[in-house]
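Heads up: the structure comes next, in structure tokens.
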Amino acid sequence: MKKFFLFIIVCALSLSSSCDNDDINNSKTETWFLVNISGGFAGINNDIEKGTVIWTFNRQDSILKIENYNDDVIAFGSGTYSCSILNSNNKNYLSIEGNEFGGMITSGSELIIDQNMQSEGSGADKFRFRFVK
């Protein structure tokens, strides 16, 4: 069941346009390491070794590069994706390949992407991704 939900995430990544938001960072690129996936219908809580899944946002080119070095973390296929960050009501939402992926919360060296937070309202039983620098 867990792999099914992670497969759904892969589909979302392969479907979603410009990462030009100063809230991520003032530099051209920003690298984040996925360290935890939690939530979903089954209530998973999986820690991931830092460096296994790496997201690099290139603000200038509106690109998200994902590097996945562990086949067990099937939620994120390695690849390069177009992305954008929507700001609505003072909250940021990540869109990948034109599809809204989730709400973004940054705090120092931590980034949370919560799929239950959408610009159109809240959801349930989706995933929360925690990244660190």
Is I44 reachable from I48 through a run of I, L, V, M, F, W or Y residues, each pair having side-chain heavy atoms under 4.5 Å apart? yes
Determine whether F101 and Q115 satisfy the following criterion, side chain to side chain contact (heavy atoms under 4.5 Å, CB included), listing intermediate values before the conclusion. CA-CA 6 Å; F101 189 72; Q115 292 184 312; 3.2 Å; yes
Nearest heavy-atom approach of K50 to F33 is CE-CD1, 3.4 Å
Is there a side-chain contact between M117 and I105 (heavy atoms, below 4.5 Å)? yes
Would a distance-only check, ignoring hydrogens and angles, find a side-chain to backbone donor-acceptor pair under 3.5 Å from D114 to N116? yes
Could you tell me whether the side chain of E100 reaches within less than 4.5 Å of the side chain of L94, counting heavy atoms only? no
Can you list the steps and then say if R59 with T29 is a side chain to side chain contact (heavy atoms under 4.5 Å, CB included)? CA-CA 6 Å; R59 295 178 41 236; T29 61; over 6 Å; no
Nearest 0.5 angstrom please: N92 CG to N89 CG, how far? 11.5 Å
Atom pair CZ/CE of F131 and M104 - distance to nearest 0.5 Å: 8.5 Å
Salt bridge (Lys or Arg N to Asp or Glu O under 4.0 Å): pairs with one or both residues in residues 87-96, sequence neighbours excluded: none
When clusters are formed by joining ILVMFWY residues with side-chain heavy atoms under 4.5 Å apart, either directly or through shared neighbours, do W32 and V35 land in the same one? no
Is the shortest heavy-atom distance from the side chain of C83 to the side chain of I63 under 4.5 Å? no
Nearest-0.5 Å distance that lies between atom OH in Y93 and atom CG in L86: 7.5 Å
Using the ring of W55 (Phe, Tyr or Trp, six-membered ring only), decide whether K65 places NZ or CZ under 6.0 Å from its centre and within 45 degrees of its axis. no
Run the side chain to side chain contact (heavy atoms under 4.5 Å, CB included) check on F127 and S38 step by step: do they pass? CA-CA 6 Å; F127 294 94; S38 61; over 6 Å; no
Does one hydrophobic cluster hold both I66 and L111, with members joined at side-chain heavy-atom distances below 4.5 Å? yes
Apply side-chain contact (heavy atoms from CB on, under 4.5 Å) to S78 and list each qualifying residue two or more places apart in sequence or on a separate chain. N68
Given 3.5 Å as the limit, does a donor-acceptor pair link the side chain of E30 with the main chain of F57, or not? no
The side-chain hydrogen bond (donor to acceptor under 3.5 Å, both in side chains) partners of R130 (sequence neighbours excluded) come to E110
Min side-chain heavy-atom separation K28-N58 under 4.5 Å: yes
Please identify each residue that fulfils side-chain hydrogen bond (donor to acceptor under 3.5 Å, both in side chains) with E49, with sequence neighbours left out. none
Can you list the residues that meet the side-chain contact (heavy atoms from CB on, under 4.5 Å) rule with D47, with sequence neighbours excluded? N36
With side chain to side chain contact (heavy atoms under 4.5 Å, CB included) as the criterion, how do S95 and S84 come out once you've worked through the C-alpha distance, each side chain's angles and the decisive distance to 0.1 Å? CA-CA 5 Å; S95 175; S84 63; 3.4 Å; yes
Run the side-chain hydrogen bond (donor to acceptor under 3.5 Å, both in side chains) test against E67 and tell me which residues pass, sequence neighbours left out. Y69
